[in-house]
Amino acid sequence: MSLLAKLIVRKNMPELPEVETIRKGLEKSILNKKIVQIEIAKKSPVKGNAEKFVSEIKGKKFVRIERLGKLLVFSLSAKKYLLVHLKMTGQLIYAAGKKVVAGGPPHQKFWCGGGHNLPVINPDTLPTAYTRAAFVFSDDSKLYFNDMRRFGYLRLAGEAEKNKVERAYGIEPFSKKFNLAEFKRILAGREKSLLKAALLDQALIAGIGNIYADEICFSAGVLPGRPAASLTEKEKAALFRAIKSVLRQALKYGGTTFRNYANARGQKGKFTEFLKVYGRQGMKCLRCKKGIIQKRKIAGRGTSFCGNCQK
DNA sequence: GTGTTTGTTATCAA
DNA sequence: CTTGATAACAAACA
């Protein structure tokens with residue numbers, strides 16, 4: 001496969017920085033607006049009864065938007081929650097009402113990936129063939145749920161259900177409780193697993209996916225295939241710092257876009273240009289300038305690393 | 001047609 | 001019981 005082809009087939013899906021970017025965007029645009037209509041595609045993304053889903057949400061408002069790992073939790077009044085998981089190709093795009101668009105900014109095109117001319121989403125062009133659901137608000141603005149691959153879902157949950165889901169997730173990387181001692185304790189509980197598997201395990205630390213797992217290992221200079229039990233104290237500390245720094249920087253730049261990821265306005269994330277290993281297989285290592293980035297299957301996932309400067 | 005892509009869950013094994 | 005490893009899932013593309 002040519003290098004260009006490799007670049008084009010790279011994909012990404014929302015992980016913590018992307019989901020958090022969407023959450024913040026939606027917080028600015030849809031909170032406390034009355035939901036007047038909900039449209040569900042025939043290929044429904046709703047878990048459970050779609051008619052019941054619509055009737056229970058219609059007329060209510062989203063009063064709060066939280067994130068649990070990669071899951072978005074929209075609080076409706078009356079202890080009901082809309083859980084949205086974007087999985088691989090899900091998008092939540094907000095389109096302002098007609099009145100706002102008419103007097104709004106000029107038409108803007110959004111592109112992603114270093115010059116590959118791959119459009120993300122222009123809210124004006126919605127719905128698309130992959131729009132699976134749309135929420136219409138009283139000011140005629142809309143929230144579209146797009147999902148090409150249909151792994152993502154919308155699920156209405158009660159308090160108990162939501163709490164159960166919440167308990168299944170591990171610690172949030174930006175929580176005050178997530179300190180070095182806690183990280184070591186987490187690793188100690190998974191001594192038999194590989195580092196990469198531990199980083200990806202949502203029940204341990206919530207929100208790290210394939211891209212950031214690889215970037216975190218590279219940043220820390222540790223091979224992702226290392227058994228967790230083999231990590232030295234110094235390496236554990238480096239990994240802990242890397243989790244925070246990589247995710248913080250990705251968040252700062254609005255996440256990573258190769259192909260499908262778009263924020264709540266349909267725009268790409270800018271962290272793509274800061275990636276050091278993910279999608280760089282076959283290319284020279286940016287840090288040691290000697291190694292060639294390798295790609296292998298580790299813990300069941302495509303994993304990129306520098307065999308020279310990651311130990 | 002085959003292999004690869006990914007987050008999560010189901011399933012089986014130890 | 002826990003923990004881990006792996007398959008399965010949907011859909012697209014090379």
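Naming convention: chains lettered A, B, ... in sequence-line order (proteins, then strands); numbering from 1 in each chain.
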Q: Over all strands shown, is A:G302 touching base, sugar-phosphate only, or nothing at heavy-atom distances under 4.0 angstrom?
A: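 Here A:G302 touches the backbone only, sparing every base.
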Q: Rounding to an integer number of Å, can you tell me how far A:Q91 CD sits from C:dA11 C1'?
A: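 Going from A:Q91 (CD) to C:dA11 (C1'), I get 15 Å.
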Q: Using OP1 and OP2 only, check whether a side-chain N or O of A:Q202 sits under 4.0 Å from B:dT8.
A: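 For B:dT8, OP1 or OP2 has a side-chain N or O of A:Q202 closer than 4.0 Å.
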Q: Would the distance check show the side chain of A:K70 and the main-chain N or O of A:I208 forming a donor-acceptor pair, the cut-off being under 3.5 Å?
A: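 Yes: the side chain of A:K70 pairs with the backbone of A:I208.
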Q: Base, sugar-phosphate, or nothing for A:Y130, non-hydrogen atoms under 4.0 angstrom?
A: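 Touches sugar-phosphate only.
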Q: Starting from P on B:dT5, measure out to CZ on A:R296 and report it in whole angstrom.
A: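 About 13 Å, once rounded to whole Å.
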Q: Using a 3.5 Å distance criterion without hydrogens, assess whether the side chain of A:K33 forms a donor-acceptor pair with backbone atoms of A:S29.
A: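 Checked: pair present.
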Q: Is the NZ or CZ atom of A:K47 positioned over A:Y153's six-membered ring, under 6.0 angstrom from the centre and within 45° of the axis?
A: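 Relative to the ring axis of A:Y153, which defines the angle, A:K47 lies inside both limits.
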Q: From CD of A:E15 over to C1' of B:dT5, roughly how many Å is that when rounded to an integer?
A: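 Distance check: A:E15 CD to B:dT5 C1' gives 13 Å.
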Q: Kindly list each side-chain donor-acceptor pair under 3.5 angstrom involving residues 37-46 of chain A, sequence neighbours excluded, with atom names and distances?
A:
residue: A:Q37; atom: NE2; partner: A:E39; partner atom: OE2; Å: 3.0
residue: A:S44; atom: OG; partner: A:V46; partner atom: N; Å: 3.0

Q: Rounded to the Å, how far apart are A:N210 CG and B:dT4 P?
A: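 In whole Å, B:dT4 P lies 15 Å from A:N210 CG.
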Q: Quick one: is A:K87 getting a side-chain N or O under 4.0 Å of the B:dT5 phosphate, OP1 or OP2?
A: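 Answer is no, no contact under 4.0 Å.
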Q: Figure out the CG/C1' separation between A:L86 and B:dG7, and round it to whole Å.
A: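 It is 11 Å, rounded to the nearest whole Å.
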Q: Taking 4.0 Å as the cut-off, does a side-chain nitrogen or oxygen of A:H85 come that near to OP1 or OP2 on B:dG7?
A: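 So the side-chain polar atoms of A:H85 never come under 4.0 Å of the phosphate oxygens OP1 or OP2 of B:dG7.
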Q: Would you mind reading off the distance between A:I205 atom CD1 and B:dT8 atom P, rounded to a whole angstrom?
A: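 Computing the A:I205:CD1 to B:dT8:P distance gives 14 Å.
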Q: In whole angstrom, give the distance that lies between atom CG of A:L72 and atom C1' of B:dG7.
A: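 It works out to 14 Å between those atoms.
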Q: Reading nucleotides 4-9 of chain C from the 5' end, what letters show protein touch, with B for base, S for backbone sugar-phosphate only, - for no heavy atom under 4.0 Å?
A: SS--BB
Q: Expressed as a whole number of angstroms, how long is the span from A:L71:CG to B:dT9:P?
A: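 Rounded to whole Å, this separation is 9 Å.
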Q: Consider side-chain contact (heavy atoms from CB on, under 4.5 Å). Of A:D214, A:L275, A:I298, which one does A:S304 pass it with?
A: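 Testing A:S304 for a side-chain contact (heavy atoms from CB on, under 4.5 Å) against A:D214, A:L275, A:I298 leaves exactly one candidate, A:D214.
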Q: If you only use heavy atoms from C-beta on, which nucleotide in B:dG7, B:dT5, C:dA11 is closest to the side chain of A:R150?
A: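 Closest of the options to the side chain of A:R150: C:dA11.
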Q: Would a line drawn from the ring center of A:Y81 to the ring center of A:F74 be shorter than 6.0 Å?
A: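 That pair fails the under 6.0 Å test.
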Q: Could you tell me which residues satisfy side-chain contact (heavy atoms from CB on, under 4.5 Å) with A:K244, sequence neighbours excluded, listed by chain and number?
A: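 Checked A:K244 against side-chain contact (heavy atoms from CB on, under 4.5 Å); matches are A:F178, A:F240, A:R248.
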Q: What nucleotide, of B:dT8, C:dA12, B:dT5, holds the atom closest to the side chain of A:Y169?
A: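 The listed nucleotide nearest to A:Y169's side chain is B:dT8.
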